Every structure is written in C-alpha cells, then in structure tokens.
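Here the structure is a predicted model, which means the values were calculated and not measured. Each chain gets a letter, A, B and so on, in the order its sequence line appears, and its residues count up from 1.
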Protein chains: 2
Amino acid sequence: MVGEILGREVRVTIDDVARAAGVSRQTVSRAMNGKGEISAATRRRVLATIEELDYRPSVFARGMRTQRGGTLGLILSDIANPFFPAVARGVFDAAAARGSSVVVHNTDAHAGRESAAARDVLERGADGVIGFFEALADEDLTEVHRRLPLVVADRRAPEPGVASVSSDFATGTRLAVEHLHARGHRRLGMLDGAVGVDHVRRHAFTDAAAPGSPVVTGPPTLTGGAAAADQLLAEHPAVTALFAFNDLMAVGAVRALRERGRRVPEDCAVVGYDDLTLAADLDPPLTTVHTDKYELGRTLVEVLDDVVRARRDGSAPGVAPHRLLPATLVVRRSG
Amino acid sequence: MVGEILGREVRVTIDDVARAAGVSRQTVSRAMNGKGEISAATRRRVLATIEELDYRPSVFARGMRTQRGGTLGLILSDIANPFFPAVARGVFDAAAARGSSVVVHNTDAHAGRESAAARDVLERGADGVIGFFEALADEDLTEVHRRLPLVVADRRAPEPGVASVSSDFATGTRLAVEHLHARGHRRLGMLDGAVGVDHVRRHAFTDAAAPGSPVVTGPPTLTGGAAAADQLLAEHPAVTALFAFNDLMAVGAVRALRERGRRVPEDCAVVGYDDLTLAADLDPPLTTVHTDKYELGRTLVEVLDDVVRARRDGSAPGVAPHRLLPATLVVRRSG
DNA sequence: CTGAAAGCGCTAACAG
DNA sequence: CTGTTAGCGCTTTCAG
C-alpha cells in the first residue's frame, strides 16, 4: 500500500511531491494553495502528482506557519436541547462545504466553561468561532473577537464590529402574545430562561403583554420549565396562558400543569419557542414560534466566512454584518 | 495585558519560560509532560513560571513532533436524531475531564462521508475516534483501527482486536417483542432502519416474532418511519403491532397510522427504541426500549482511553474490551 | 538529573 | 514564473 511499510505509516511530504514532480517545494505549495504566480501547466502537473502520491499536507506543519488549523469552533450551551443539533446540522454542512472541521464545546451556560471553550478554540488555531454565549460578559466577547473571527449567535453583538445572527425574537414573541390575546387570553405569564444577558424575549413579552404580567425565570430545560410553571401558577393562579422561553420549557410546563390537574389548553394555554422537530407530535401538539434552525446554522458559517475574509483583506473595522432570521408562529393545539 | 502588545498577540514560548525559570527548554518540557527524570524542586519552579507567564504550549509545534493534537473524533450519522446529542453530551463531558476537545462529523450514514470523516480525524492527529459507522465495511474499520485508537459504537467490532460499546439490542428487541405478545398481539411487523451492517435488531426481531413476520426497511428518520409503516400496513393489513428501529421511526409510524385513520395503540400498537427525552410527552406517550445514552457516551470515552493506553504500553494486540449497555423496556401508552 | 543539537513539514520573503 | 533561504515551537536523541 502506498506510503506504508510494515504496517507503519510513512508520511508523504511536500518534498516527495516536489521531487516526483520535478519542482521545488515552494512550487508545490503554490500549486495547492493557489497563492503566488504559477503557470497553469506546472500547477496541473503538481496537482496530478499530489493526487497520485495521495499526499495530504500536515495540519501541524502548516499550522505552525499559519497559525490556522482549518477548524471552526462551535460553542453552545446544551447539545441535548434539540434546538442546537438542528443548528449544528446546518453548521456542519456549511463547514464541510468550505473544507473545515468543527470542534464542538458544550458549556451548560457556565461562564467558566464558555471562556475555556473560547480559549481552547483559540489555541487550536480555529479559523473562527460561532458562539451561543449565554454567560460571558460583553467585554469577554469583544476580547474573543479581537483575537479571532467571531460570530455571535442568538445574542446582540457586544459592539458594532462584532457580527451576529439570530432569530427575530422580538417579532416571534410579539406574534405569540398577540395570538394569545386574539384567543381571548387576558392574563398571560412568561417562563423565561435563566440564561443570556439580552432578555430580548422577556422585554418583548413585557412590552406586548398587559402591564404587570408575571415572569418567572428558570433553567431553559424540561425540569426548569416545570418548576417555573409551578411557581408562576402558584403565585398567579388567574393566569390562563403561558409563553415559554423555548419548547423544552413549554413541554415542562405542560407536564407541571397536568400534574396539577390543569388541562392544556382548556385551563391554561402554552406557547413555546423554537419549533423542535417533534413539536407537532407532542401531546398536545405544541403551538410555538418557528425559526429555520438549519438555515441559522448555514448563515452563521456564511457570516463567519465574511468576517474571516474581511479580516484577511485589511481588517476594515467597520460595522459587521448583523442578520435577523424570520420568526413565524405555528399554531397547533397547546395554545 | 500579559503577552500582548498593541492588540497584537505575542506568543509566550517554551524558551520564554526556560529563560524566566533559569533552565533549558527541555527541562520545561520535562516538567510539563512528566517525562524523563527531573527533580521535584525544579519541576515545581518551572510549573510556577508557566503559570505566571500564562504559557500555553503550541498545539501545532507539539503536534509536529508527536502527531497528536489532543482531540478526539466523534463520527455519527445524524446529529438531528436526539439519540446522538444525548450520547454526545456524555462524550463531551468525559472528554473535557481528560482535557480533550471533540471534533464532530456528521455523515448521514454515507460511506464516502464516513471515510472522509475518519481520514480527517486521522490527519488532525486525534488521540482516537469514536465512530457510529453505518456504512463503512468491516475492512475499512479495521484499517482505521490500525492507524488510530478506535472504539466502534452500536455495532459489532470487525475483529476481536477492535473495541466496541453498544446497547444490548438483542435483549432490548426481545423485551419489546415479548411485551407485545403479552399484550395479545399475534401479528407483528418491524420497521427496520436502512443502515448498518449488523442488523442485530432485525435478527432479534425475526427470532422472537412469529415466523414470516414482515420487516420493511427505510431511513431511520421520521419520514422514513412513516413511509415504512405505510408500506408495511399496505402489504400486511392484519398486522396489529409495529416494532421500530428507533423512536424517530416509531413517531413517523404513528403519524402515518393516524393519517390512515388507525388509532394508536387500539388499532395498531407501536414500540420504539432509544427512549428519547421527549418520548413520554408524545401523543401517545411512546413505549420504547431504554438505554442510558449519557452513560454510553461516557463509556465510549472510557474504553477509548483504555485502548489508547494499551497501544502506548506496547500494543498487546489481544482481545479489546467489548461492552454491552443494559436495555430495558419502558411501557407507556403507544404499545 | 540537566543541557545542546537536530529536525519534524510547511510557508513567507526574497532572489533570480 | 520558479527556486532558495530561513525559521515557526516543540520534543527527541545524545552528551555531560
């Protein structure tokens, strides 16, 4: 087998290619990286030789010079929340298309883990980072941005120079509240996720719902939603509709409601956010705000690419791209 | 800020540490890697200096010598299937505990993507790979194993020397079938996932169910399950219970059944496999086979560690560890 | 127990 | 358009 002796791998190096193609190493480098001038004929020949020898440049040797490892960091808070895998799929596909691998870090929305993840990604010479940062302060984001192309996901950028992509939470939340009002609900409550620094959903809820509408905060998980719903209903028994930070909390709320003998939606309506794949198959089918999560993932990589390119071509520290993905309401049975 | 000048990072190198500590670079290397003899006092002093200067060895320079990058590859077929994130969480946590980062590859069970992923992981100098390989042939797995510590997940190892961890599919499947029999069902059908080469679940089903029980194959997804159920029921209308390859197919089957006006479980029972987080909240709550997915993830990393260690300490090419995780039936309403 | 020398495979900068 | 020179930061010999 090529490049192998007695079961022990022997690296095919750039020198082997150079020798075989009858050129210098530099020319081989140029041929594969498309940098510098090189005649079409030479390049073709070199590329053919590369193919033939099955040469793969060493990530390490290259990284040593360039400080770039052809990876891309994806930092998120909870891979077990189906929202993130849906986004990740878009990220993986887009990353694969641009030839990058993705290193994923799960932070549990813990500030220490978030900065450790960022640092790790940095040290590995990632081309850039996509971050769902929930706990890190704005200054820290800015610091990450200074060192590495960064795209902030589902959160306001800490400063205009930092790119961001997120669901249009304000619209989505407003849609949910208006729908509940249209259904005749007058006393709404919100189950907010105890993460992030933006609180866009909460503010939008507060704006759209009647003054003084209660908001209870908890972890953005099933059990967090159940506990928050319990607390909210205990303190505000007159509430007839709940808007949850995300679908997981919404499902937790449904569980809690039923355990208290409340029917959903008859006694209390529930609306979620995210529109997880299984939302339509739940009992009751979940009314929720939909955002295209795969598209979010793809967009994140696309924007990151813009940032990388901008930085390479003379780092014009102007206003970075900020994209808002449409949010629409999907009415099912729960609210 | 340390190591920074005018917003431009300046690497703290091993030489800086050596100089500051008044030793040579090798001594620094020894101090951090615990290799070679070194006096406790020197080591302490060097370690303190490292701390003080916030020195982080370059992944690339180190990788260049060692061919190892401190990462770990996780290759899976569909991150959007909640089964995988649940496992991934265990993998991430265990990897973090051992100081590794995880690069994740999504393959869609496509042979080309699976081998590309393996190759990529290899080139990045991963310490090892955890692979849910669905499409790759046994020889290819063996080849991967020859080059890199490998643990095969949810699949029989291609040879005794390759480690594996998987759910006890045989028992889980038997439990499901027996339960259906106990409920009085006589005509069972199976919705098999069109992936993998093992077909443990299918064989176990064929063994446990009545001879000639129909099996229809499709992609292990929601729509795959729906289509498979449609086909199976069209060809075998007398079937009163369906055992699905996984929960996603089971949910798809429920959808299809209802669209044909069949009630679940009254007209046709459905049993899944995996016990996804939301299984209990579905309509109807899904009867399914449970395996501890987080534990699977943790175990995978643990076994990988054993393999790595074994290979380092003189590669005794004996019988690698093979672990089977318990599978239990969770009876809910769907079957 | 510690230091000096050598080189991993690659690309940037400069010649030609 | 192509080749030569010079390291990147680290670990692995091999001396001392």
Side-chain angles (χ1 to χ4, degrees), chain A residues 3 8-50 53-71 99 122-125 127 312-314, chain B residues 3 8-47 49-50 53-71 122-125 127 312:
Chain A
R8 183 146 190 72
E9 303 307 323
V10 167
R11 253 215 113 77
V12 177
T13 74
I14 195 170
D15 286 308
D16 297 326
V17 177
R19 208 169 305 123
V23 297
S24 76
R25 344 220 253 261
Q26 197 40 240
T27 303
V28 176
S29 175
R30 281 178 195 119
M32 45 180 192
N33 299 321
K35 297 209 169 191
E37 311 294 276
I38 185 175
S39 80
T42 316
R43 125 166 293 197
R44 225 186 343 266
R45 185 157 44 90
V46 172
L47 258 25
T49 310
I50 286 178
L53 299 186
D54 192 30
Y55 162 69
R56 325 273 322 187
S58 153
V59 179
F60 297 117
R62 176 177 279 176
M64 194 140 174
R65 298 295 309 167
T66 63
Q67 298 302 327
R68 290 289 77 109
T71 68
L122 208 97
E123 283 170 9
R124 304 214 109 72
D127 297 338
R312 199 181 41 220
D313 310 343
Chain B
R8 184 146 190 70
E9 302 307 320
V10 166
R11 255 213 112 77
V12 177
T13 74
I14 195 171
D15 287 308
D16 298 325
V17 177
R19 208 169 305 125
V23 297
S24 74
R25 355 187 182 54
Q26 300 52 323
T27 304
V28 176
S29 175
R30 281 176 196 119
M32 43 180 194
N33 299 322
K35 298 210 169 188
E37 311 294 275
I38 185 175
S39 78
T42 317
R43 129 167 290 197
R44 224 186 342 267
R45 185 156 44 88
V46 171
L47 258 24
T49 310
I50 285 178
L53 298 186
D54 191 31
Y55 163 70
R56 326 272 321 189
S58 154
V59 179
F60 297 118
R62 175 177 280 177
M64 195 140 171
R65 298 296 309 173
T66 63
Q67 298 302 329
R68 291 286 80 105
T71 67
L122 208 96
E123 284 171 7
R124 304 215 109 73
D127 297 338
R312 200 182 39 220

In whole angstroms, the gap separating C1' of C:dG9 from CG of A:L53 amounts to 15 Å

Across all chains, not counting sequence neighbours, the side chain to side chain donor-acceptor pair (under 3.5 Å) partners of B:Q26 are none

Results of side-chain contact (heavy atoms from CB on, under 4.5 Å) for B:T49 - residues two or more places apart only | B:V17, B:A20, B:A21, B:L53

Respond yes when some side-chain nitrogen or oxygen of B:T27 is under 4.0 Å from OP1 or OP2 of C:dG3, and no when none is.
-> yes

A:R124: partners by side chain to side chain donor-acceptor pair (under 3.5 Å), with sequence neighbours left out | A:D120, B:S101

Could you pull out all residues at least two apart from A:R56 that satisfy side chain to side chain donor-acceptor pair (under 3.5 Å)?
-> B:E123

Determine, for nucleotides 6-16 of chain D in 5'-to-3' order, which nucleotides have protein heavy atoms under 4.0 Å from the base (write B), from only the sugar-phosphate (write S), or from neither (write -).
-> BBBBBBB----

Please identify each residue that fulfils side chain to side chain donor-acceptor pair (under 3.5 Å) with B:S24, with sequence neighbours left out.
-> B:T27

